[in-house]
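Heavy atoms only: backbone and side chains are in, while hydrogens, waters and symmetry mates are out. These figures come from a predicted structure and were not determined experimentally.
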Amino acid sequence: MIEEGKPLFLQIAEQIEDSILDGSLEEEAQAPSTNELAGFYRINPATAAKGVAMLTDKGVLYKRRGIGMFVATGAKDLLLGERRAAFADRYIDPLLTEARTLGLGTDDLAALLRERAAREPQTSSARQTEGTTPA
């Protein structure tokens, strides 16, 4: 679960973000405490606190004095917006640059995406969206 070469506090923050995005940690739900995170990941509580503080600074988590940290209303939408922007920067912009080099227009790209998507097996989330159950 912990990957080498990436700061632990960032990994903690990303794990909490992933839990919010996948719905296992809902908005207004209590987030794990820094001590719980430290114990689970076997890291220093100060490191876990740094990851939690990062999410607090972004407005993803907020503190209820004497109770703990909670997921902010709108946190999921905030995170989705950030991830979509990062996706566009990382994948879409280079894709468009290469497409222009090859003389491909947006219709050509859309056709390629549809063609490739049709070849890929559906993911379990896509099957669930369509109302079928995974095999």
Peer 1: Would a single hydrophobic cluster contain both Val52 and Phe70, if residues Ile, Leu, Val, Met, Phe, Trp and Tyr are joined by side-chain heavy-atom contacts under 4.5 Å?
Peer 2: no
Peer 1: For Ile12 and Tyr41: C-alpha separation, side-chain torsions, deciding distance, then whether side chain to side chain contact (heavy atoms under 4.5 Å, CB included) applies.
Peer 2: CA-CA 9 Å; Ile12 297 296; Tyr41 291 105; 3.2 Å; yes
Peer 1: For Glu28, enumerate each residue passing the side-chain hydrogen bond (donor to acceptor under 3.5 Å, both in side chains) test, keeping only those at least two apart in sequence or located in another chain.
Peer 2: Tyr62, Arg64, Thr73
Peer 1: Check Ala48 against Leu37 and note the closest heavy-atom contact, atom names and distance.
Peer 2: CB-CB, 3.9 Å
Peer 1: Group every Ile, Leu, Val, Met, Phe, Trp and Tyr by side-chain heavy-atom contacts under 4.5 Å, then state whether Ile20 and Phe87 land in the same group.
Peer 2: no
Peer 1: If I compare all heavy atoms of Ala72 with all of Gly59, which pair ends up nearest, and what's the gap?
Peer 2: CB-O, 3.3 Å
Peer 1: Between CD of Gln15 and CG of Leu25, what distance do you get to the nearest 0.5 Å?
Peer 2: 12.0 Å
Peer 1: Would Ile92 end up clustered with Leu80 when hydrophobic side chains under 4.5 Å apart are linked, directly or stepwise?
Peer 2: no
Peer 1: Report whether Leu102 and Leu113 are members of the same hydrophobic cluster (ILVMFWY, side-chain heavy atoms less than 4.5 Å apart, transitive linking).
Peer 2: no
Peer 1: Looking at Lys58 and Glu17, is any side-chain nitrogen of the basic one under 4.0 Å from a carboxylate oxygen of the acidic one?
Peer 2: yes
Peer 1: Would you mind listing the cluster partners of Phe9? Hydrophobic ones only (ILVMFWY), side-chain contacts under 4.5 Å, chaining allowed.
Peer 2: Leu10, Met54
Peer 1: Applying side chain to side chain contact (heavy atoms under 4.5 Å, CB included), run through Asp93 and Glu98 and close with a yes or a no.
Peer 2: CA-CA 9 Å; Asp93 292 346; Glu98 183 65 14; over 6 Å; no
Peer 1: At what distance, to the nearest 0.5 angstrom, does OG1 of Thr106 lie from CG of Leu96?
Peer 2: 9.0 Å
Peer 1: In sequence, state the C-alpha distance, the side-chain angles, and the governing distance for Asp18 and Arg83, and then conclude on salt bridge (charged side-chain N to carboxylate O under 4.0 Å, His left out).
Peer 2: CA-CA 11 Å; Asp18 289 345; Arg83 296 263 178 115; 2.8 Å; yes
Peer 1: Grab the two heavy atoms, one from Lys6 and one from Gln11, that are nearest each other, plus how far apart they are.
Peer 2: O-NE2, 2.7 Å
Peer 1: Check for a donor-acceptor pair, side chain of Gln30 on one end and backbone N or O of Ile67 on the other, with a separation under 3.5 Å.
Peer 2: yes
Peer 1: For the residue pair Asn35 and Ser33, confirm or rule out a side-chain donor-acceptor distance under 3.5 Å.
Peer 2: no
Peer 1: Are the side chain of Ser24 and the backbone of Ser19 linked by a donor-acceptor contact shorter than 3.5 Å?
Peer 2: yes
Peer 1: Mind listing the closest non-hydrogen atom pair of Asn44 and Ala46 along with its distance?
Peer 2: OD1-N, 2.7 Å
Peer 1: The test is side chain to side chain contact (heavy atoms under 4.5 Å, CB included); show your working for Ile16 and Val71 and say whether it passes.
Peer 2: CA-CA 10 Å; Ile16 294 170; Val71 180; 5.9 Å; no
Peer 1: Salt-bridged, Arg84 to Asp77, with N to O below 4.0 Å?
Peer 2: no
Peer 1: Could you pull out the closest heavy-atom pair between Pro94 and Ala88, with the gap in Å?
Peer 2: CD-O, 4.4 Å
Peer 1: If you measure from CG on Leu95 to CZ on Arg100, what distance do you get to the nearest 0.5 Å?
Peer 2: 9.5 Å
Peer 1: Do Thr56 and Met69 have side chains that get closer than 4.5 Å, going by heavy atoms?
Peer 2: yes
Peer 1: In the single-linkage hydrophobic clustering (I, L, V, M, F, W, Y; side-chain heavy atoms under 4.5 Å), do Leu61 and Leu79 co-cluster?
Peer 2: yes
